[in-house]
Amino acid sequence: MPFHPPRLQRPALMAAGALLGGLLVAVPITAVASAAEPDWKACLVGSTDRQTVFERAAETSGVPADVLLAVSHMESRWDAHGAAPSTSGGYGPMHLTDLPALATDTEAHPDPLGKGDGSHQSRTAHQREEAIRLGEVETLRTANDITGIPVSDLREDAVANICGGAAVLADYQEAAGGAATLADWSAAVGRYSGAADEGTALKFARQVFATLSSGESRTTNDGHRVTLAAKPVAASEEAVGRLGLADPSTEEAVECPAVLGCESLPAPYEQTGDTIGDYGNHDLGNRPVEGSIDYIVIHDTETSYDGTVRLVQDPNYLGWHYTLRSVDGHIAHHIPGKDVGWHAGNWYVNSHSIGLEHEGYAANGAWYTEAMYQTSATLVGYLAMKYGVPLDRAHIIGHDQVQGVAPANVAGMHWDPGPYWDWNHYFDLLGAPIKADRRSRSEIWTVAPDFDANTGNVMTGCTGAGVPCPSDRGTNFVNVYSAPSADAPLLADTVVGGSARVSNWGPRLAAGQKVVVNDRTRDDWWGVWFGGKQGWIQNPDGVLLPSDGQVVTPKPGTTAKVYGTAYPTEPSDYPAGVTPRKIAPLQYTIPAGQTYVLADAEIPTDYYKANNFNCATVDGVPDCIVISGGTTYYQIWFNHRIAYVMADDVTVTDG
């Protein structure tokens, strides 16, 4: 495509800082080529080495290279994704946003949030206008307007994308009055987030400047080594204030670290019909005083952030605790932690969990922004400490790891956040990296593929039924085969089979999950017990890490049943007037001789009875009560999901 001449733009000021006696002092700096317009065409010419491109874009635009590198790291960690948009419609290392890119037509999620109501929302013209009104900015078009670089190049070419992002930052800073110090660039950085309110823009600027202060270095997903040297400087609240954004103040209390500036958007607890049992969209509770919080469930939304928060404010829909926006990591808080959300499709897990919905598409979106990864990890770390949730993959789980409560529910359970959620990086941010931890002889191993290098997994259905998914994207899982050969069929799950559909979790082990290895071949195929069957994983490059722990085995001569809940089993456990829960084992069993990794030996055996609006007592039967039982359950790693077994059915030994 031809290069179109850019619109006129006055150059922005360069920014710098200097250290004096260990303190950062503002240093005025000169303007760049005040009489000349930036030569954006020249920005495209030369070495494609990513570090060099950032430096060339900085020289062309007048944006300090440090700022450019820090913004890009917060958006994409300097990665290039070709024509694949992020979950908020952003492209390339600078995450240039293009709102129409968010329209989706996936086989796997025909409705928003994967909740089954059939009201799928793709981006319409009205939604696009609403998104812009709420502050989402189409920086891709802005970059095209400034530089004349074709839109297709800005989307798909990393060099053009970086030049375009630099142009947008320079333009934003000029509109904010220029920059005399490095901290002054907080204005352009805050605006680049697309936030509509000052608090969120400042939060994003603080994240970017924290990255600049600490420094970063990594090899990108396409093989470029990029380094940002540490330079101690704090974001300027005054500079962000000059943007004139909305006041972030809110009267409602939020359960959130102050640094994240979470917004309160309460989910309605309202009666929706004529009977006392007609209400939505969550349940009152008194956790952790009555009932424990043992899991934090990671979801994705399958629709826009705006569409998601509209749904959670509908009393006739479902409720979850938090929604996170992709482009800037902004967080909305909906339900107090003490209350029980309707989000996981399993009442036992709901009653023991907090649910986080992340703006994203498990297949179409393909990649999640660093801004959202970081704010999510900060929030989860805060919640885990507050409620005593272990920072491991048995308790910080994806929605895809939640079993059905009964056999009829297993096949319809959901699979988000999908194969493109980087669990390894997420747990690095949580300060609990997925790593080898063996301290004794053991056949327990943890799955830990290198996300960026873990390409080539065959999947279909990302953009339509039967259509192959791109094979050049990093993924978080390894396939489990029915025999030690890549030509063998994938191991068929008892319920969902062994197809390669992107939505089929059946033959996959995701990062952080644990298995018992029972056999090995000379050509790096490792046998594992998986879902009650013998499976095989190819392990040529240390995909499996040695781990310590305990395992469960069916008692001699028996087969152990597998459950999706840990409800009380005896009728005597339930108070008078309360119908005992039917405890149905799932379609799976653990045959004699197979062993599975113990994930948690202290599972609460309980059922949270919540049937009436405002916890009303009916016919003398109280509501909103935790009913405990005497049966002991263990949580195990079974197939792709967590599962429960009764202690009386198994023996626990060291792995």
Side-chain angles (χ1 to χ4, degrees), residues 113 250-270 279-299 301 308-309 311-313 315 317-325 329-358 372 375-392 394-399 401-402 417 426 430-432 566 600 602-604 606-610 613-615 623-626 628 642:
L113 287 79
T250 178
E251 295 181 1
E252 292 88 356
V254 293
E255 294 177 44
C256 183
V259 68
L260 295 182
C262 297
E263 175 183 15
S264 177
L265 288 176
Y269 181 75
E270 298 178 7
Y279 65 94
N281 59 12
H282 59 280
D283 275 294
L284 302 182
N286 190 28
R287 305 181 305 177
V289 177
E290 298 175 45
S292 58
I293 295 175
D294 304 298
Y295 307 104
I296 298 173
V297 183
I298 304 299
H299 304 257
T301 62
T308 303
V309 296
L311 287 169
V312 79
Q313 293 178 92
Y317 198 62
L318 309 176
W320 48 92
H321 296 82
Y322 299 87
T323 302
L324 289 86
R325 188 164 62 202
H330 177 65
I331 299 173
H333 180 219
H334 309 302
I335 299 174
K338 70 180 183 64
D339 293 339
V340 177
W342 303 349
H343 61 93
N346 177 314
W347 182 243
Y348 178 80
V349 174
N350 278 347
S351 65
H352 288 283
S353 68
I354 289 175
L356 278 63
E357 291 280 359
H358 297 75
M372 188 163 65
T375 56
S376 178
T378 300
L379 175 62
V380 167
Y382 162 86
L383 294 171
M385 180 173 291
K386 179 175 182 177
Y387 294 110
V389 180
L391 288 176
D392 60 39
H395 300 88
I396 311 299
I397 61 176
H399 194 186
Q401 290 174 252
V402 180
Y426 193 62
L430 284 170
D600 196 332
E602 299 181 2
I603 297 300
D606 60 25
Y607 169 69
Y608 184 55
K609 178 187 174 297
F613 183 60
N614 279 335
C615 303
D623 202 47
C624 296
I625 57 172
V626 177
S628 298
I642 62 173

*Under a 4.5 Å cut-off applied to non-hydrogen side-chain atoms, are Tyr382 and Leu260 in contact?*
no

*Could you give the distance from CG (Leu379) to CD1 (Ile296), rounded to the nearest 0.5 Å?*
7.5 Å

*Look at the side chain of His282 and the backbone N and O of Trp342, then say whether any donor-acceptor pair between them is shorter than 3.5 Å.*
no

*Verify, without hydrogens or angle tests, whether His321 (side chain) and Ile335 (backbone) share a donor-acceptor contact under 3.5 angstrom.*
no

*asked:* Tell me the closest heavy-atom pair linking Leu284 and Cys615, and the distance in Å.
replied: CB-SG, 3.9 Å

_Which heavy atom of Ile396 sits nearest to which heavy atom of Gln401, and what is that distance?_
O-OE1, 4.4 Å

*Spell out, as yes or no, whether a donor-acceptor pair under 3.5 Å connects the side chain of His333 to the backbone of Glu263.*
no

*Under 4.5 Å between any side-chain heavy atoms of Leu383 and Ile293, yes or no?*
no

_Taking Val349's backbone N and O only, do any of them form a donor-acceptor pair with Asn346's side chain (distance below 3.5 Å, no angle check)?_
yes

*Between Tyr269 and Phe613, is the gap from one ring center to the other below 6.0 Å?*
yes

*4.5 Å side-chain heavy-atom contact, Leu430 and Val380*: yes

*Tyr387 and Asp294, any side-chain heavy atoms less than 4.5 Å apart*: no

_If the test is side chain to side chain donor-acceptor pair (under 3.5 Å), which one of His330, Glu357, His334 qualifies with Thr323?_
His334

*Tyr426 and Ala377: which non-hydrogen atoms are nearest, and at how many Å?*
CE1-N, 3.7 Å

*When you measure from the side chain of His343 to the backbone N and O of Asn350, does any donor-acceptor pair fall under 3.5 Å?*
no

_Reference residue Asp283; test side-chain contact (heavy atoms from CB on, under 4.5 Å); the match among Val340, Asp623, Asp339_ = Val340

_N/O donor-acceptor pair under 3.5 Å between Glu255 side chain and Gly337 backbone_ = yes

*May I ask you to test the Tyr322-Thr375 pair for a side-chain heavy-atom distance under 4.5 Å?*
no

*Counting distance only, does the side-chain N/O of Arg325 pair as donor-acceptor with the main-chain N or O of Ala332 below 3.5 Å?*
no

_Main chain of Glu290, side chain of Tyr608: is a donor-acceptor contact present, judged purely on distance under 3.5 Å?_
no

*Please confirm whether the backbone N or O of Val312 pairs with a side-chain atom of Asn281, one donor and one acceptor, at under 3.5 Å?*
yes

*Hey, what do you get for NE2 (His358) to CD1 (Ile331), rounding to the nearest 0.5 Å?*
8.0 Å

*Can you check whether Val626 reaches Arg287 side chain to side chain, under 4.5 Å on heavy atoms?*
no

*Parallel, tilted or perpendicular: which describes the rings of His395 and Tyr295, with under 30° parallel and over 60° perpendicular?*
parallel

_Using 0.5 Å steps for rounding, measure from the CD atom of Glu270 to the CG atom of Asn614._
11.0 Å

*Is a side-chain donor or acceptor of Ser292 paired with a backbone partner of Pro288 at a separation under 3.5 angstrom?*
no

*Ring geometry between Tyr317 and Trp320 (parallel below 30°, tilted from 30 to 60°, perpendicular above 60°)*: perpendicular

*Between OG of Ser376 and CG of Leu324, what distance do you get to the nearest 0.5 Å?*
5.5 Å

*Which pair of non-hydrogen atoms, one from Tyr348 and one from Pro604, has the smallest distance, and what is that distance?*
OH-O, 2.5 Å

